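Since the structure is predicted, the reported quantities are computational estimates derived from the model, not experimental observations.
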Amino acid sequence: MVAPMTPYQRAIASVMNEPVDELCSSPLALGLARRLMPQTVTYKEWATTPELAAQSFVRAYEVWKLPFTVCLVDLSVTASNFGAHVRMDKENTPFVDEHIIHTAEDYEKIAECPTEITEGRTGALLEMNRLLAPRIKDKSFHAAFLEGPLLTLTQAGGAEQVMMDMFVEPDAVHKALERTTKFCCEAVTWLGDNHAAQAMCWDYLWGNYSCLDDGQYGEFEGDKYAKATNEATRKAGLGCGVHNCADLPHLDTQINKFGSAFYSMAYYPLIPGSPTASETIDKGYADNCLLFGNIDPQMFIRNSKEEITNATKDLCQEVKTALCKRGLNSRYVISSGCEVPPDLETKLENVQAVMDATHQYGAF
């Protein structure tokens, strides 16, 4: 038996595959955390005000005792620095509504963009992490979050346009990727220099077989550009992790080849080949990497407390069995497969239900 642990102790032990009192549980309740604030905070205010976002992540730890705090705001942050227009509704997740790439010549807008990491929305995100870091130190493991080089480019230019141009204008795409990679490396270096996080969670979304095969993904991110950002992350003294909520992720590349310390993933039961928690553990991906997943995020808004409790119970039992079979102690975090919907209709009690169920059914 392992003595009761604090959330942070449990997080560190899980990273190291040491025995734990119970499985870690950290649903990705990010924008949702604004609703824990004592005052009303709109999503737009939360996404654009570093102090409010930092306060909300502190509140999320205080209320839910999350072992991990992953600081995703939305996926348009870095793209906005390169000139993409972001629609900011009062209570909806910000998103790019005007792309900037329409011809091959438009990639020059990315390649020659003079933006600095401390400017715009990226600057606000970095500042939020700097404000947050001392407030959750030794309480919750703090992972900053940024879009990777290819996701930055597709957000700015449009995924359909960029992926078509990979075939017809590859040199232009590569030139732009050089710039987005440099920007991402500078951002993670800033985080390390300013002691603003313990780890970086990169969103390398396009490393999945629904979109790109191994060769295509290797050429346009994995073999060069993600390699550079991963190396910059480690050089900055930060743990290197990946979030990929696609249905058929490139696990060999993004876990084994990248040497990821942690990996956040989703499971799509209706898609053949989408990896379950137990399959991922059985195939050895948790041997050297802490896995996060994979409760359906929509359950937090659509399902009852009893239903999400039962889903958590089933996942805990599946994970504990698979870890035991593999000879592992703790390398799995009960989490949502992607962000818990930040909608006003999402049930806050369902986040607590996942935490409570893990305390009960995730205990060793």
### Within-4.5 Å side-chain heavy-atom neighbours: Glu98 and Arg87
no
### Task
Would you indicate whether the side-chain heavy atoms of Asp165 and Pro170 approach each other to under 4.5 Å?
no
### Query
Could you go step by step and tell me if Tyr43 and Asp89 meet the side-chain contact (heavy atoms from CB on, under 4.5 Å) rule?
CA-CA 8 Å; Tyr43 201 107; Asp89 295 338; over 6 Å; no
### Task
Please say which of Asp296, Val351, Val354 ends up in a side-chain contact (heavy atoms from CB on, under 4.5 Å) with Ile308.
Val354
### Message
Centre-to-centre under 6.0 Å for Phe292 and Tyr332, is that the case here?
### Response
no
### Message
Hydrophobic cluster membership, with links at side-chain heavy-atom distances under 4.5 Å among I/L/V/M/F/W/Y: are Leu153 and Leu205 in one?
### Response
yes
### Message
Would Lys320 pass as a cation-pi partner of Phe364, given that its NZ or CZ must be under 6.0 Å from the six-membered ring centre and within 45 degrees of the axis?
### Response
yes
### Message
For a side-chain contact (heavy atoms from CB on, under 4.5 Å) check, start with the C-alpha distance between Leu146 and Val188, then their side-chain angles and the critical distance, and finish with the verdict.
### Response
CA-CA 9 Å; Leu146 273 178; Val188 75; 5.8 Å; no
### Pairwise distance NZ(Lys347) to CZ(Arg302) - rounded to 0.5 angstrom
11.0 Å
#### Entry: Euclidean distance, Arg234 CZ relative to Asn230 CG, rounded to 0.5 Å
5.5 Å
### Message
Within the 4.5 Å heavy-atom criterion, are Pro67 and Val333 side-chain neighbours or not?
### Response
no
### Message
Would you say Ser76 and Arg121 are linked by a side-chain donor-acceptor pair, where the criterion is simply a distance under 3.5 Å?
### Response
yes
### Message
Would the distance check show the side chain of Arg10 and the main-chain N or O of Cys24 forming a donor-acceptor pair, the cut-off being under 3.5 Å?
### Response
no
### From NE2 (His99) to CD (Gln161), nearest 0.5 Å
10.0 Å
### Message
Could you see if Val20 belongs to whatever hydrophobic cluster contains Ile12? Use Ile, Leu, Val, Met, Phe, Trp, Tyr and a side-chain cutoff under 4.5 Å.
### Response
no
### Query
Do we see a donor-acceptor contact under 3.5 Å between the side chains of His142 and Asn129?
yes
### Worked verdict on Asn208 versus His250 for side-chain hydrogen bond (donor to acceptor under 3.5 Å, both in side chains)
CA-CA 5 Å; Asn208 74 83; His250 291 192; over 6 Å; no
### Message
Looking only at the side chains, is there a donor atom on one of His174 and Glu219 sitting less than 3.5 Å from an acceptor on the other?
### Response
yes
### Query
With distance as the sole test, does Arg34 use its side chain to make a donor-acceptor pair with the main-chain N or O of Gly31 at under 3.5 Å?
yes
#### Entry: Heavy atoms from other residues, nucleotides or ligands near CE of Met16 exceed 12 (cutoff 6.0 Å)
no
#### Entry: ILVMFWY cluster, Val15 and Leu23 together (side-chain gap under 4.5 Å)
no
### Query
Can we say Lys182 and Glu186 salt-bridge, meaning some charged N sits less than 4.0 Å from an Asp/Glu carboxylate O?
yes
### Task
Flag the pair Trp190 / Asn194 as yes when at least one side-chain heavy-atom distance between them is below 4.5 Å, and no otherwise.
yes
#### Entry: Ser25 side chain to Thr358 side chain, donor-acceptor N/O pair below 3.5 angstrom
yes
### Query
Looking at Glu178 and Lys175, does any basic side-chain N land under 4.0 Å from a carboxylate oxygen?
no
### Task
Mind listing the closest non-hydrogen atom pair of Thr229 and Pro149 along with its distance?
CG2-CG, 3.8 Å
### Message
Do Leu150 and Met166 make a side-chain contact, defined as non-hydrogen atoms from C-beta onward lying under 4.5 Å apart?
### Response
yes
### Query
Do we see a donor-acceptor contact under 3.5 Å between the side chains of Thr42 and Glu91?
no
### Query
Among side-chain atoms of Ser274 and Asp247, is any donor-acceptor pair under 3.5 angstrom?
no
### Basic-acidic side-chain contact under 4.0 Å: Asp282, Arg326
no
### Query
When Glu147 is tested against each of Thr152, Thr78, Thr122, Thr180 for side-chain hydrogen bond (donor to acceptor under 3.5 Å, both in side chains), which residue passes?
Thr78
#### Entry: Side-chain donor or acceptor of Arg331 paired with backbone N/O of Glu18 under 3.5 Å
no
### Query
Has the side chain of Glu22 got a donor or acceptor atom that lies under 3.5 Å from a matching backbone atom of Gly362?
no
### Check: Ala228 main-chain N/O paired with Glu231 side-chain donor or acceptor under 3.5 Å
no
### Task
Go through the steps to decide whether Asn294 and Thr280 satisfy the test side-chain contact (heavy atoms from CB on, under 4.5 Å), and finish with yes or no.
CA-CA 11 Å; Asn294 46 19; Thr280 309; 6.0 Å; no
### Query
CG of Leu191 to CD of Gln198: how many Å apart, nearest 0.5 Å?
12.0 Å
### Task
Output, in order, the C-alpha distance, side-chain angles, deciding distance and verdict of side-chain contact (heavy atoms from CB on, under 4.5 Å) for Glu339 and Cys245.
CA-CA 9 Å; Glu339 182 182 10; Cys245 59; over 6 Å; no
### Message
Tell me if the centroids of the rings in Phe258 and Tyr204 come within less than 6.0 Å of each other.
### Response
yes
### Query
So how far is it from Lys227 NZ to Thr253 OG1, rounded to the nearest 0.5 Å?
13.0 Å
### Query
So, Trp206 versus Thr154: side-chain donor-acceptor pair below 3.5 Å or not?
yes
### Message
Around atom CD of Glu160, are there more than 12 heavy atoms from other residues, nucleotides or ligands closer than 6.0 Å?
### Response
no
#### Entry: Test item: Thr69 and Cys71 side chains (from C-beta on) under 4.5 Å apart, heavy atoms
yes
### Message
Checking Phe82 against Phe183 for the ring pair (Phe, Tyr, Trp, His ring centres under 6.0 Å) test, could you report, in this order, the C-alpha distance in whole Å, the side-chain angles of both residues, the deciding distance, and whether it holds?
### Response
CA-CA 10 Å; Phe82 285 93; Phe183 184 82; 5.1 Å; yes
### Message
Tell me if a side-chain donor or acceptor on Arg130 pairs with a main-chain N or O of Leu126 at a distance below 3.5 Å.
### Response
no
### Query
With a 4.5 Å limit on heavy-atom distance, are the side chains of Leu28 and Leu72 in contact?
no
### Query
Just by modelled atom types, is the Asn17 backbone N or O under 3.5 Å from a matching donor or acceptor in the Asn329 side chain?
yes
#### Entry: Glu119 versus Asn81, side-chain donor and acceptor atoms under 3.5 Å
no
### Query
Is Phe141 reachable from Ile334 through a run of I, L, V, M, F, W or Y residues, each pair having side-chain heavy atoms under 4.5 Å apart?
no
### Task
Decide yes or no for Asp356 and Thr309: does some side-chain heavy atom of the first lie under 4.5 Å from some side-chain heavy atom of the second?
no
### Query
Under 4.0 Å between a Lys/Arg side-chain N and an Asp/Glu carboxylate O for Lys257 and Asp252?
no
#### Entry: Check: Thr103/Glu105 side-chain N/O donor and acceptor closer than 3.5 Å
yes
### Message
If I take atom OG from residue Ser264 and atom CG from residue Leu290, how far apart are they, to the nearest 0.5 angstrom?
### Response
10.0 Å
### Query
Under a 4.5 Å side-chain heavy-atom rule over Ile, Leu, Val, Met, Phe, Trp and Tyr, are Val41 and Val73 clustered together?
yes
### Message
Under 3.5 Å, is there a donor on one side chain and an acceptor on the other for Tyr217 and Glu221?
### Response
yes
### Message
Regarding Trp202 and Thr233, do their side chains bring together a donor and an acceptor under 3.5 Å, going by distance alone?
### Response
yes
### Message
Taking the cut-offs as 6.0 angstrom to the six-membered ring centre and 45 degrees off its axis, would you call Lys65 and Tyr61 a cation-pi pair?
### Response
yes
### Query
Does a donor on one side chain and an acceptor on the other come within less than 3.5 Å for Tyr263 and Gln254?
yes
